[in-house]
Amino acid sequence: MDQRTVIVGVEIAVLVFAVLSLLSLLLRYRLLLSTRGAFQCSVRRGKRWVLGVTRYRDDRLDWYPLMDWVLKPRLIILRAGMDVQEHRQSRRYDNVMYVTLRSQGRTINVAMSPSAFAGIVAWMDAAPPQAEPVL
């Protein structure tokens, strides 16, 4: 085998690996979005926005970034004590709302569709009341 054949073989292997990696990320994204209670949601990390998928759970929101191999959520926002601090319509994009959430002493900035925001507000309002402390 000459050197040119080896180089072409390596290039093909790298290309196949890149295509399979991209396909697996797209499949993961579609799988996450296809589950009940899932919607697209970007989270602000530092100065940049990271696209991902958020899923409703009984007592929390689970956020999964788009470009990640791990199937565990990277951000969990507990329903108990969660509060919408601020929300506004994007001036640049018609179908985007910027929302500031407060939970567990953390401030979390997210971007989502108006219908997803309405869903979060309804989900928060539908939470069972907190148990009264027993004295």
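Geometrically, Arg79 engages Trp123 in a cation-pi contact defined by less than 6.0 Å to the ring centre and at most 45° from the axis.
Under a hydrophobic-cluster definition in which Ile, Leu, Val, Met, Phe, Trp and Tyr are linked whenever side-chain heavy atoms come within less than 4.5 Å, directly or via other members, Met82 and Met112 are assigned to the same cluster. Clustering ILVMFWY residues whenever any of their side-chain heavy atoms sit less than 4.5 angstrom apart, transitively, puts Leu78 in a cluster other than the one holding Met124. Residues Ile108 and Tyr56 are members of one and the same hydrophobic cluster, defined by side-chain heavy-atom contacts under 4.5 angstrom among Ile, Leu, Val, Met, Phe, Trp and Tyr.
Applying the ring-ring contact (aromatic ring centres under 6.0 Å, His included) test to residues at least two apart or on different chains, none of the pairs has a partner in residues 2-24. For residues 85-97, the pairs satisfying side-chain hydrogen bond (donor to acceptor under 3.5 Å, both in side chains) are Asp83-Gln85, with sequence neighbours left out. Sorted by first then second residue, the side-chain hydrogen bond (donor to acceptor under 3.5 Å, both in side chains) pairs that include residues 97-113, not counting sequence neighbours, are Thr100-Asn109, Arg102-Thr107, Gln104-Arg106, Ser113-Ser115.
Remark: Val121 pairs with Phe117, Asp125 by the side-chain contact (heavy atoms from CB on, under 4.5 Å) rule, at least two apart or across chains. For Val16, the side-chain contact (heavy atoms from CB on, under 4.5 Å) partners are Ile12, Leu20, not counting sequence neighbours.
In this structure, CD1 in Ile120 is found 6.0 Å from CG in Leu101, a value given to the nearest 0.5 Å.
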Expected list for residues 38-55: side-chain donor-acceptor pairs under 3.5 angstrom, two or more places apart:
{"from": "Gln40", "atom 1": "NE2", "to": "Tyr29", "atom 2": "OH", "distance (Å)": "2.6"}
{"from": "Arg44", "atom 1": "NE", "to": "Gly46", "atom 2": "O", "distance (Å)": "3.3"}

Exercise. Stepwise, does the salt bridge (charged side-chain N to carboxylate O under 4.0 Å, His left out) test hold for Arg60 with Asp62?
Worked result: CA-CA 6 Å; Arg60 68 182 194 262; Asp62 292 343; 2.7 Å; yes
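Proximity of Pro73 to Tyr64: side-chain heavy atoms (C-beta onward) are separated by under 4.5 Å at one or more points.
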